[in-house]
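Quick note on labels: first sequence line is chain A, next is B, and so on, each numbered from 1.
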2 protein chains.
Amino acid sequence: MAHQDLQLLSHDCGDCPIRHRAVCARCEADELARLEQIKYYRSYQAGQTVVWSGDRMDFVASVVSGIATLTQTMEDGRRQMVGLLLPSDFVGRPGRAQAAYDVTATTDLVMCCFRKKPFEEMMVATPHIAQRLLEMTLDELDAAREWMLLLGRKTAREKIASLLAIIARRDASLKLRAAKGKLAFDLPLTREEMADYLGLTLETVSRQMSALKRDMVIGLEGKRHVMVPDFDKLLEETGDDSDGGFLV
Amino acid sequence: MAHQDLQLLSHDCGDCPIRHRAVCARCEADELARLEQIKYYRSYQAGQTVVWSGDRMDFVASVVSGIATLTQTMEDGRRQMVGLLLPSDFVGRPGRAQAAYDVTATTDLVMCCFRKKPFEEMMVATPHIAQRLLEMTLDELDAAREWMLLLGRKTAREKIASLLAIIARRDASLKLRAAKGKLAFDLPLTREEMADYLGLTLETVSRQMSALKRDMVIGLEGKRHVMVPDFDKLLEETGDDSDGGFLV
DNA sequence: GACTGGCCTTGACCTAAATCAACCGGACGA
DNA sequence: TCGTCCGGTTGATTTAGGTCAAGGCCAGTC
């Protein structure tokens, strides 16, 4: 897919199914040309920090491949992950000079960057972009609110199940949905990162993973490979409404 | 202020200081005219529900006066507040037919509503609006992430202190900042609502309020009126970075 | 083949907050 | 004037998850 860096600009487009954010050349051809002039790619190794909270950040970017996280850290070292960025997700805030969070590559990562100034100018000139960005930001806000329910009210077991379900879903949609019902994936996060995501300690994460395995909700092969024999059973453990509640 | 319902459209405008989202007639006069045609007001009494999660919602709105909350509820009744809407805040999502959360008036409430369809049309026609909305949504996303840190990693005492600081700040900025250092305000939330905000039980909220009073961090007069003799002392209790970290 | 360092697991114990329960005090209606 | 209801406080007890500590597993490397 040649124009992946353009994902963030496109309206949905039927025959480019990548997470409903892909673009194809025939829509948005003119933006493509302009964007080509201001974009550039950056690669990071797993574990590398992209920017530190408070650092000057003179670009916005979208994830091309790999996974990045946003985390906040308190003075005494307590950490909370506040964003998990998968391919096609957007980082950076037009109109802000400094990063508000630590951005870290948890796997090898490629980002498509746009220098902030020209990007902002283009945003003014091309209303599409602001609208697309608004849509994406609203999605992220919804995800954040879901996450707040998880952090505030779910038990450790529910938290783990929810995270596994989220990853399974995201992963499955990338893989064009493995044989429905049975699916498997590799965790892109360490136990500690999972803990930071869920507001738990890594020991509790480990214990609950073991418990879910013992109860046959998941299978584990090595430390990272997770098998889900029955996705509905996993969903029952999340505490979420069963109907899945897809609001368009 | 006659054009309060227009807050959501404006770029900042020096001499209209209401929470940096106000508008004055001379900027945006044309949008004003168009907006006037599609807006209407609705009032709700304290405790009334504006919409239930899952209900059809054919308008977007901004809060004119009073306070509303967004909450999520799990099947077994566990509740988590995921949004606190103060005057000038925006509710509703262009491009979505159903409400994703319960919206409730916690005080008497006036909202300025725009029917969704014409509003969306106007958004396409008037690029300003999408940009303003994007800016507001990004602010909300930041607030949500701050909130996630609170829910995931703060102690009960830190949570309470943080909430009080948030309300004090918002309140103070409305009142053009009372004599700096000493300030006082009325809690717009019951103990139970505070608990839903903070991911605690109402008993814990009550206990920690008493503890903060005992330790002279706050004063209480009746159940709702809070006095803050030393705002910095309150801030120390929040666990947040002391520098306040204002990122533009 | 031993050695190291990450990452993970498991056990024993502790504590912050939840739960359960009693009670207070003001508003309000009979 | 008396209930009683609602929001709030406080105490006793329980418990989920945190903390501390001891290993296990495995990949890389000397």
Which pair of non-hydrogen atoms, one from [X] and one from [Y], has the smallest distance, and what is that distance?
X	Y	result
Trp147(A)	Tyr197(A)	NE1-O, 3.0 Å
Thr204(B)	Ala156(B)	CG2-CB, 3.7 Å
Gln80(A)	Gly152(B)	OE1-CA, 3.4 Å

Item to check | Which residues share a side chain to side chain contact (heavy atoms under 4.5 Å, CB included) with Asp55(A), sequence neighbours left out | outcome: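 In terms of side chain to side chain contact (heavy atoms under 4.5 Å, CB included), with neighbours along the sequence ignored, Asp55(A) is linked to Trp52(A).
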Would you check if the side chain of [X] reaches a backbone N or O of [Y] as a donor-acceptor pair within less than 3.5 Å?
X	Y	result
Asp108(B)	Gln45(B)	no
Thr106(B)	Ile67(B)	yes
Thr107(B)	Gly66(B)	no

Next on the checklist: Under 4.0 Å, counting only non-hydrogen atoms across every strand here, what does Ser206(A) touch: a base, just sugar-phosphate, or nothing?
Outcome noted: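 Contact class for Ser206(A): base.
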Next on the checklist: Under 4.0 Å, counting only non-hydrogen atoms across every strand here, what does Arg224(A) touch: a base, just sugar-phosphate, or nothing?
Outcome noted: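 The residue Arg224(A) makes sugar-phosphate contact but no base contact.
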Checklist entry - First contact, last contact: which nucleotides of DNA chain D are these for chain A, 5' to 3', heavy-atom distance under 4.0 Å? => result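 Range of nucleotides within reach of chain A: dG17(D) to dC20(D).
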Item to check | Pairwise side-chain contact, Arg93(B) with Asp142(A), heavy-atom cut-off 4.5 Å (strictly under) | outcome: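 Arg93(B) vs Asp142(A): side chains touch.
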Next on the checklist: Among residues at least two apart in sequence or on other chains, which ones pass salt bridge (charged side-chain N to carboxylate O under 4.0 Å, His left out) with Arg153(B)?
Outcome noted: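 Arg153(B): salt bridge (charged side-chain N to carboxylate O under 4.0 Å, His left out) contacts with Asp196(A).
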Next on the checklist: Between the opening five pairs and the closing five pairs of the helix from dG1(C)-dC30(D) to dA30(C)-dT1(D), how far apart are the helix axes, to 10°?
Outcome noted: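 The value is 20°.
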Item to check | Separation of dG6(C) P from Glu192(A) CD (nearest whole Å) | outcome: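 Those two atoms, CD and P, are 12 Å apart.
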Checklist entry - Could you give the CE-to-P distance, from Met194(A) to dC8(C), as a whole number of Å? => result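 Rounded to the whole Å, the gap is 9 Å.
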Identify all side-chain donor-acceptor contacts of residues 205-221 of chain B below 3.5 Å with residues at least two apart in sequence or on another chain.
from	atom 1	to	atom 2	distance (Å)
Ser210(B)	OG	Ser206(B)	O	3.1
Asp215(B)	OD2	Arg157(B)	NH2	2.2

Next on the checklist: So if I define the base as every atom that isn't primed, P, OP1 or OP2, how would nucleotides 11-25 of chain C read as a B/S/- string at a heavy-atom cutoff under 4.0 Å?
Outcome noted: BB----SSBB-----
